[in-house]
Amino acid sequence: MTPDQKYQAAQERIGYRLEAFKIGGNYTPLVRDGNHLYISGQIPRVGDTIVLPGKVGESLTLAQAQIAASISALRCLGLLKQALGSLDQVKAIPRIAVYVRSAEDFDQQSEVANAASDLLHEILGAAGAHTRTSVGVMQLPKSAAVEIEMLAIAHT
């Protein structure tokens, strides 16, 4: 399967179809500088709905947070697909940052981030290998449980 087909299959497996990418302010969700593509933080928004809002370790389980992280990663990939025409054009994802809205005693931010990392590898193969930071935070936009930002490099 191609990365585009794997992207569609991942949406079906997770159970959320991402089509229109709404933004919530006066910014652009993606900026291209040569072959580098900078993707603004993406929360698990499907249409107008924030999926699985809440605090991980309090109102949300680790498994629910992993779904939220997968949706956020899919949004990043969807923006790349929109900008490049196909995920085949992604040469590398050198870095992602994963922010997790965490209860005070929740310390499994890296396990939440693993869902996004696994998804990138599933869809992009070796091009999805990346460095990563996962951080617990007090609050995220719209009470989202997860936000992911990404740097991608396109083929020349």
Side-chain angles (χ1 to χ4, degrees), residues 1-53 56 62-101 108-137 140-142 144-156:
M1 282 200 310
T2 68
D4 291 338
Q5 292 168 326
K6 291 176 184 177
Y7 173 76
Q8 294 301 338
Q11 289 186 77
E12 291 170 20
R13 178 177 50 81
I14 293 167
Y16 293 95
R17 185 150 255 354
L18 305 175
E19 293 177 13
F21 296 98
K22 293 192 172 212
I23 58 170
N26 189 20
Y27 68 95
T28 181
L30 183 144
V31 170
R32 186 169 186 167
D33 181 14
N35 290 347
H36 292 80
L37 295 102
Y38 299 87
I39 300 162
S40 296
Q42 297 298 306
I43 59 177
R45 181 190 312 250
V46 178
D48 290 326
T49 303
I50 307 303
V51 177
L52 297 164
V56 185
L62 171 61
Q64 289 171 313
Q66 289 170 327
I67 293 168
S70 295
I71 294 167
S72 296
L74 283 170
R75 284 181 58 88
C76 291
L77 291 174
L79 289 166
L80 285 171
K81 188 173 186 274
Q82 215 171 48
L84 298 172
S86 170
L87 292 174
D88 286 325
Q89 295 304 308
V90 176
K91 180 178 180 180
I93 305 289
R95 185 173 191 314
I96 69 170
V98 180
Y99 304 95
V100 181
R101 184 174 177 226
Q108 294 180 290
Q109 289 80 15
S110 58
E111 285 83 353
V112 173
N114 283 344
S117 295
D118 291 347
L119 188 83
L120 292 173
H121 183 266
E122 172 189 337
I123 294 172
L124 298 173
H130 55 271
T131 62
R132 179 182 86 191
T133 299
S134 53
V135 180
V137 298
L140 287 170
K142 311 291 184 208
V146 177
E147 183 170 12
I148 296 178
E149 65 177 300
M150 185 179 291
L151 170 62
I153 300 174
H155 287 288
T156 53

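This chain uses plain numbering: 1 for the first residue, then up along the sequence.
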Less than 3.5 Å apart, which donor and acceptor atoms pair up between the side chains of residues 75-89 and the rest of the protein, not counting sequence neighbours?
from: Arg75; atom 1: NE; to: Gln42; atom 2: OE1; distance (Å): 2.9
from: Arg75; atom 1: NE; to: Ile43; atom 2: O; distance (Å): 3.3
from: Arg75; atom 1: NH1; to: Arg45; atom 2: O; distance (Å): 2.9
from: Arg75; atom 1: NH2; to: Lys22; atom 2: O; distance (Å): 3.1
from: Arg75; atom 1: NH2; to: Gln42; atom 2: OE1; distance (Å): 2.9
from: Ser86; atom 1: OG; to: Asp4; atom 2: OD2; distance (Å): 2.8
from: Ser86; atom 1: OG; to: Asp88; atom 2: N; distance (Å): 3.0
from: Ser86; atom 1: OG; to: Asp88; atom 2: OD2; distance (Å): 3.3

Next item on the list: Output all residues satisfying side-chain hydrogen bond (donor to acceptor under 3.5 Å, both in side chains) with Ser117, sequence neighbours left out; order by chain, then residue number.
Entry: His130, Arg132

Checklist line | Side-chain donor/acceptor of Gln66 to backbone N/O of Glu111, under 3.5 Å | finding: yes

Next item on the list: Please report the shortest heavy-atom distance between Glu122 and Lys6, naming the atom on each side.
Entry: O-CD, 3.3 Å

Check: Of Leu74, Thr49, Val46, which meets side-chain contact (heavy atoms from CB on, under 4.5 Å) against Tyr16?
Finding: Val46

Margin query: Give me the atom names and distance for the closest heavy-atom approach of Leu52 to Gln64.
Written below: CD1-O, 3.2 Å

Next item on the list: Report the residue from Val98, Val137, Val51 that forms a side-chain contact (heavy atoms from CB on, under 4.5 Å) with Val146.
Entry: Val98

Could you list the donor-acceptor pairs under 3.5 angstrom formed by side chains in residues 28-40, with sequence neighbours left out?
from: Thr28; atom 1: OG1; to: Leu30; atom 2: O; distance (Å): 3.1
from: Arg32; atom 1: NE; to: Gly34; atom 2: O; distance (Å): 2.8
from: Ser40; atom 1: OG; to: Thr28; atom 2: O; distance (Å): 2.9

Checklist line | Test side chain to side chain contact (heavy atoms under 4.5 Å, CB included) applied to Pro141 - qualifying residues, sequence neighbours left out | finding: Glu147

Next item on the list: Working to the nearest 0.5 Å, report the span between OH of Tyr7 and CG of Leu119.
Entry: 9.5 Å

Notebook entry, point to check: Should Thr133 and Arg95 count as side-chain neighbours, where that means a heavy-atom distance under 4.5 Å?
Noted result: yes

Next item on the list: Mind checking salt bridge (Lys or Arg N to Asp or Glu O under 4.0 Å) for Glu149 and listing every partner two or more places apart, or none if nothing turns up?
Entry: none

Notebook entry, point to check: So how far is it from Thr2 OG1 to Ile123 CD1, rounded to the nearest 0.5 Å?
Noted result: 10.5 Å

Checklist line | Set of side chain to side chain contact (heavy atoms under 4.5 Å, CB included) partners for Arg17, sequence neighbours left out | finding: Gln8, Gln11, Glu12, Glu19

Item checked: Any Ser134 side-chain heavy atom under 4.5 Å of Val100 side chain -> no

